Amino acid sequence: MDVVIAPADEIGEIVADDIAALIEQRPDAVLGLATGSSPLRIYDSVAERVAQGRLTLARARGFMLDEYVGLPPGHPCRYSTVIDDEFVSRVDLVPGAVRGPNGDAADLTAACAEYEDAIREAGGVDLQILGIGTDGHIAFNEPGSSLASRTRVKTLTAQTREDNARFFGGDVEAVPYHCLTQGLGTIMDARRIVLVATGEAKAEAVAQLVEGAVSARWPATILQHHPRVTVFVDDAAASQLALADYYRHTQAHRHLVS
Ligand code: F6R
């Protein structure tokens, strides 16, 4: 696991560089797209490059991590709406190139199985972007999630509903209780993973993710078993890392390592 401590406004550029390099190598790459505030600077930077003609996503495809249950199509907080507003509508992805689990399906279990099939049929995710919840979730795999889980219905914790109330006008009661989420096993199938966390509120979850014991109590810790993960954190999110100086040192001497 690589840990990169950088100012929040630089992280978006660094990850966008990675995405651009991937697309240059593989124009039809499959991107794994997170919602929430953590990836916004990445999406801004990618959109800017597309607008300037320096990057095209015309052949790329994307899969979202999760979706609330019960929000109708077009609802402003539905993740499919959010990803359209914040990313898809600002780049040149073709219509239908980004898919998400259908949280409005009559048969949610079937919708989860279909979603797993769709990711597999696309050849799997080349680069997965992740945020992390204050309770250690990735996607919406809340504490107690099976470390081998696949896409399924989950119940959100009270903490996550409180954290996400800011997207629902501050009204926690408006935040759904349930979601569909890629499982931890699904996420672990991605060929490369980039996790972004900024701000003091993420410091404990980041410390557990990087330095804690692998456990369903802190679901993000499963990433310690993935061979290609980079964790990007700002100083505040890095503030509980016992080995922060070592990660900075590693970063400073990166160019000496082949
Ligand atoms: C969103 C998602 C979540 C968020 C996490 C952090 O698709 O999967 O795991 O990444 O809740 O949210 P923010 O970035 O808003 O702090």
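Each ligand, and each atom within it, is numbered from 1 in the order the structure gives. Fair warning: this is a prediction, and the values are worked out from it, not measured in the lab.
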Could you list each nitrogen or oxygen of ligand 1 that sits under 3.5 Å from a protein nitrogen or oxygen, with the atom names and the distance?
from	atom 1	to	atom 2	distance (Å)
ligand 1	7 (O)	T35	N	3.0
ligand 1	7 (O)	T35	OG1	2.6
ligand 1	7 (O)	D66	OD1	2.7
ligand 1	7 (O)	D66	OD2	3.4
ligand 1	8 (O)	D66	OD2	2.7
ligand 1	9 (O)	A139	N	3.3
ligand 1	9 (O)	A139	O	2.7
ligand 1	11 (O)	H137	NE2	2.7
ligand 1	14 (O)	S37	N	3.2
ligand 1	14 (O)	S38	N	2.8
ligand 1	14 (O)	S38	OG	2.5
ligand 1	15 (O)	S37	N	2.8
ligand 1	15 (O)	S37	OG	2.9
ligand 1	15 (O)	R166	NH2	2.8
ligand 1	16 (O)	K202	NZ	2.7

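Not counting sequence neighbours, the partners of D44 by the side-chain hydrogen bond (donor to acceptor under 3.5 Å, both in side chains) test are R90. Take F232 and apply the ring-ring contact (aromatic ring centres under 6.0 Å, His included) test, not counting sequence neighbours, and it matches no residue.
Interatomic distance, T181 OG1 to H137 NE2, rounded to the nearest 0.5 Å: 8.5 Å.
With a 6.0 Å cutoff to the six-membered ring centre and a 45° limit on the axis angle, R161 counts as a cation-pi contact of Y177.
Other cluster members for V69: L108, V153, L180, joined by side-chain heavy-atom distances under 4.5 Å among Ile, Leu, Val, Met, Phe, Trp and Tyr.
Put simply, the side chain of D189 does not reach to within 4.5 Å of the side chain of R120, judged on heavy atoms.
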